[in-house]
Amino acid sequence: MKTYKRTLVTSALPYANGPVHIGHLAGVYVPADIYVRYLRMKGEPVLFVGGSDEHGVPVTIRARKEGITTQQVVDRYHKLISESFEQFGISFDVYSRTTSEIHHKFAADYFRRLYDNGKFIEQTTEQFYDPETGEFLTDRNIRGECPHCHSKGAYGDQCEKCGRTLSPDELIEPYNAINGNPLTKKETKHWYLPLDQYQQWLEQWILEEHKEWRPNVYGQCKSWLDGGLKPRAVTRDLDWGIPVPVEGAEGKVLYVWFDAPIGYISNTKELCEREPAKWGNWETWWKDQSTRLIHFIGKDNIVFHCIVFPSMLKADGTYILPDNVPANEFLNLEGDKISTSRNWAVWLNEYLQDFPGKQDVLRYALTANAPETKDNDFTWADFQARNNNELVAIYGNFVNRAMVLTQKYFAGKVPAQGAYTDYDKQIMQEIQGSVSEMLRLLDAFRFRDAQKEAMNIARAGNKYLADMEPWKLAKTDMERTAAVLNLSLQIVANLEIAFRPFLPFSSEKLRKMLNVQETGIDSLGKFDLLTDGHQLGEVALLFEKIEDDAIQAQLDRLARIKKENEEQEKAEELKNWHPAEIKAATSIDDFDKTDIRVATVLDCKNVKKSDRLLEFTLDDGMGGRTILSGIAQSYPDPSVLVGKQVLYIANFPPRKMMGKESQGMILSAVDADGRLVVTTVSAPVRNGAQVG
RNA sequence: CGCGGAGUAGAGCAGUGGUAGCUCGUCAGGCUCAUAACCUGAAGGUCGGUGGUUCGAUCCCAUCCUCCGCAACCA
């Protein structure tokens, strides 16, 4: 395996169109931070880059909606996001933004260099254009009539009614989804990165040389490569972004996906120029072959970080390429996918208000349940259990036991280390085993399991105390009591180090309690970290229980949001409702076969054990009949139907439902929201009258 | 439709061509230094469905079902 002198770690640039939530944290920032902190503990040179992605269309739409400038939108979220990261201890060496001057210049220069070297192809195409606003539209912002099912309001890329994939050209009478304006077509020129030219090289580099990448990453890349790469446009017709630095490209900007990853580089440059003594030249971090580049991202970014961005770097030719791209899957929240627009998320800024000082608890819960191999679910019940049963009961409790016992028997001074018994040695060996396993897992980007190993050290500590029972020994053998507590405290000191990448705030607190300075990773697995007679600091609780009412408050909040969303979606549905297509032509003869009659409802009640069926007892003028109808959900009180005359089909063969026989079918109209309304006659007629 | 990932005890996750594992929860014991915490033990699974390859499949192959991504907002 290749050896490296330094590591450059990037984490996906969050889009400045909203605050960051637990999904971002679990998928990208906590794992990246754990890895970076681990490398720093090892004393390896590492640079951790982050920043806000502030270009693209959605921020401009939000600005328009809120009646403020796009700059105000990105300013607001950049501030919110960077504060959240800082509070959660995401230890970026630099956190900048793509609207920075240095980035604009750097990205424009990057483009221009590739342009001058003939790395792009130019292509003129016809795109949909709104003459009134003077804007070209993205596929998704174009709507029209579906050519297949002829439903109105199909999107430019897909019809949601029939589910077919479309291209905007296929739509009948396309219009602007935002303002409803009709669209025309207009020629526009764009620059494309010919990914097809990099196909062979990418195949060699990924499929042959990086078989160690995670299955989801490797599989996704293979899928794209097998499908054959096509040139990809790297410019857009838009006024928000980095102007294309080419003559005759007015009104065009770099595609957000072209400039965003360059932000990793320009942010590095910004840091290096600010503190050259500490960080040296930015080119060392990006162009020296002995630098190792790691991208932490979510699964939706795999293609850009493994195919597009490497091709951009290769096109330049002077840059290093990522050594690994540990992409995570997604985190769900209480069974539903996290959604910014539907407010289905736990926002970091809100979490900190509700759980002040509990950053580590969330970090722990998210790492313990990190979506490393598949989508995982975050639940508040799990969060509470992780805190109460693991952080408090195992880790915090062990620390507290060791500290309190020392306080009690040795006035808070580290007691003398004794001769190790076989059992002591066994425990020490067990802990060293956990330590080396943890380090191995950290190197393999398996943070969930690594954290579990750290917790196993605390488990071993609890078991040691339970087996040694120093509170009993203290009555007979103070020397052995001292030895047992000495080793217990050494284990506590190990826990401080082992948990440091995962729970930085707690480790800091624990160092205060132990009254020690930060040491390197070499100390891990040693049992002479605290010298005899060392005065410990004040005993405090490392973690505290989270009570049910705090969890219930979060669940209530989510329930409220869910209800609001449902109401809103329903309103939306009603607004968009339109009559179903007319069925294929039929004839009077076909209709005549159906015998529709009038009857009076004598009784109407719910069918036991069925949430849909109503049982109608009808006076049909022919001795009466019973009909079951699946409309209970539209009639919470079925008795309102009693006495009404209804229309029903009289000549269907009887059918058994829920053990009862239904002799026909009541006719109901279906309203836009799915509500069923029973049909009736406009004036009383005799029961048994025919409809036709 | 296609391509990629995933489906394993009540929950969350590992894992392997040969007797299926971890954490939490549950139940039963033990202990009392500790935040009713800790320690020990037990129960609990036709490893998504169906076919096939094999002496043997949870693992390999085929096919189907479900969820997610590629593909609006979004990791």
Side-chain angles (χ1 to χ4, degrees), chain A residues 11-15 17-18 20-29 56-59 61-62 138-141 155-158 160 163-165 177 214-224 226-227 296-304 327-332 335 337-342 344-345 368-379 381-382 385-386 388-394 396-409 446 448-449 452 455-456 458-459 461-474 485 488 539 541-545:
Chain A
S11 56
L13 305 186
Y15 194 53
N17 193 32
V20 274
H21 53 63
I22 52 170
H24 298 112
L25 211 53
V28 178
Y29 305 101
V57 177
V59 287
I61 293 174
R62 177 182 285 270
T138 60
D139 289 0
R140 193 72 192 185
N141 282 334
Y155 290 97
D157 56 351
Q158 189 183 43
E160 302 208 321
R164 297 173 98 136
T165 308
R214 286 185 178 176
N216 56 341
V217 177
Y218 188 91
Q220 178 100 143
C221 293
K222 187 168 184 332
S223 153
W224 269 69
D226 289 350
F296 282 88
I297 57 168
K299 68 170 158 184
D300 56 333
N301 272 349
I302 290 171
V303 172
F304 292 101
N328 273 339
E329 300 287 299
F330 279 0
L331 190 70
N332 293 329
K337 68 193 267 187
I338 293 177
S339 164
T340 301
S341 56
R342 293 173 61 237
W344 192 253
N369 194 25
E372 288 177 5
T373 50
K374 64 169 184 194
D375 289 0
N376 279 349
D377 195 24
F378 176 91
T379 64
D382 179 71
R386 297 277 181 200
N388 293 358
N389 306 329
E390 298 181 30
L391 289 177
V392 172
I394 297 171
N397 187 42
F398 170 65
V399 171
N400 192 239
R401 296 170 85 185
M403 297 281 288
V404 166
L405 286 165
T406 305
Q407 201 67 253
K408 193 165 174 176
Y409 299 122
R446 291 173 57 185
R448 186 177 54 200
D449 292 337
K452 205 180 278 178
M455 192 54 85
N456 281 342
R459 286 199 175 90
N462 275 318
K463 183 167 157 53
Y464 182 68
L465 282 182
D467 291 342
M468 295 296 103
E469 301 184 305
W471 51 92
K472 279 188 185 164
L473 279 174
L485 286 182
S488 299
V539 180
L541 292 180
L542 202 48
F543 302 99
E544 54 190 27
K545 284 206 151 205

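A, B, ... follow the sequence lines: proteins, then strands. Residue 1 opens every chain.
Expressed to the nearest 0.5 Å, how far CG of A:L331 lies from CG of A:L25 amounts to 10.0 Å. Atom NE2 of A:H21 and atom OG1 of A:T340 lie 4.0 Å apart (nearest 0.5 Å). A:L473 CG to A:L485 CG: the interatomic distance, rounded to the nearest 0.5 Å, is 9.0 Å. Taken from NE2 in A:H24 to CD1 in A:I338, the straight-line distance is 8.0 Å, to the nearest 0.5 Å.
Rounded to the nearest Å, the gap between the P atom of B:G12 and that of B:G48 is 14 Å. Across the P atoms, B:G2 and B:C64 are found 8 Å apart, a figure rounded to whole Å. Going from the P atom of B:U54 to that of B:C39 covers 49 Å, rounded to whole Å. For B:U53 and B:A71, the P atoms lie 41 Å apart once the distance is rounded to whole Å. When the C1' atom is used for both B:A20 and B:U46, the distance is 13 Å, rounded to whole Å. Nucleotides B:G49 and B:C59 place their P atoms 10 Å apart, quoted to the nearest Å. Spacing of P atoms, B:G56 relative to B:G7, comes out at 26 Å, to the nearest Å. Rounded to the nearest Å, the gap between the P atom of B:G5 and that of B:A43 is 37 Å.
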(request) Sugar-phosphate atoms are those with a prime plus P, OP1 and OP2; base atoms are the rest. Using that split, label each nucleotide of nucleotides 26-37 of chain B B, S or - for protein heavy atoms under 4.0 Å, 5' to 3'. (result) -----SSBBB-S

(message) Can you build the contact string for nucleotides 58-68 of chain B? Use B for base contact, S for sugar-phosphate-only contact, and - for no protein heavy atom under 4.0 Å.
(response) ----------B

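Within 4.0 Å of A:G27, counting heavy atoms only, lies no atom of the nucleic acid at all. Residue A:E390 is in sugar-phosphate contact alone, with no base atom involved, counting any heavy-atom pair closer than 4.0 Å across all strands shown. In this structure, A:R448 reaches the sugar-phosphate backbone alone: every heavy-atom distance under 4.0 Å involves primed, P, OP1 or OP2 atoms, never a base. Across all strands shown, A:P470 has no heavy atoms under 4.0 Å from either base or sugar-phosphate atoms. When heavy atoms are screened at a 4.0 angstrom cut-off, A:D377 is found touching the sugar-phosphate backbone but no base atom.
Taking the centre and axis of the six-membered ring of A:F330, the NZ or CZ atom of A:K337 falls outside the cone set by 45° and 6.0 Å.
In this structure, A:R214 and A:E372 approach most closely via the heavy-atom pair NH1-O, 3.6 Å. The nearest pair of heavy atoms linking A:Q407 to A:V539 is NE2-CG2, 3.4 Å.
Put simply, the side chain of A:L542 does not reach to within 4.5 Å of the side chain of A:N400, judged on heavy atoms. Counting heavy atoms from C-beta outward, A:S488 and A:L405 have side chains that stay 4.5 Å or more apart.
Whole-Å rounding puts the A:I297 CD1 to B:G69 C1' distance at 12 Å.
Phosphate contact (OP1/OP2 of B:C74, side-chain N/O of A:N17, threshold under 4.0 Å): present. Look at A:R459 and you won't find any side-chain N or O under 4.0 angstrom from OP1 or OP2 of B:U40.
Residues A:S223 and A:D382 each lie close to RNA chain B; by heavy-atom proximity, the contact nearer the 5' end of the strand is made by A:S223. Between A:V217 and A:H21, the residue anchored closer to the 5' end of RNA chain B is A:V217, taking for each the nucleotide with the nearest heavy atom.
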(message) Determine whether A:N456 and A:R459 satisfy the following criterion, side chain to side chain donor-acceptor pair (under 3.5 Å), listing intermediate values before the conclusion.
(response) CA-CA 5 Å; A:N456 281 342; A:R459 286 199 175 90; 2.8 Å; yes

(request) Would you sort out whether A:R386 and A:N369 count as a side chain to side chain donor-acceptor pair (under 3.5 Å), showing the intermediate values? (result) CA-CA 10 Å; A:R386 297 277 181 200; A:N369 194 25; 4.9 Å; no

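RNA chain B contains the following stems of three or more consecutive Watson-Crick or G-U pairs, with both distances under 3.5 Å: B:2-7 with B:65-70, B:10-13 with B:21-24, B:26-30 with B:38-42, B:48-52 with B:60-64.
A:E329 has a carboxylate O that lies under 4.0 Å from a charged side-chain N of A:K299, or vice versa, which qualifies the two as a salt bridge.
Nearest to the side chain of A:N369, among B:G7, B:C24, B:G12, sits B:G12.
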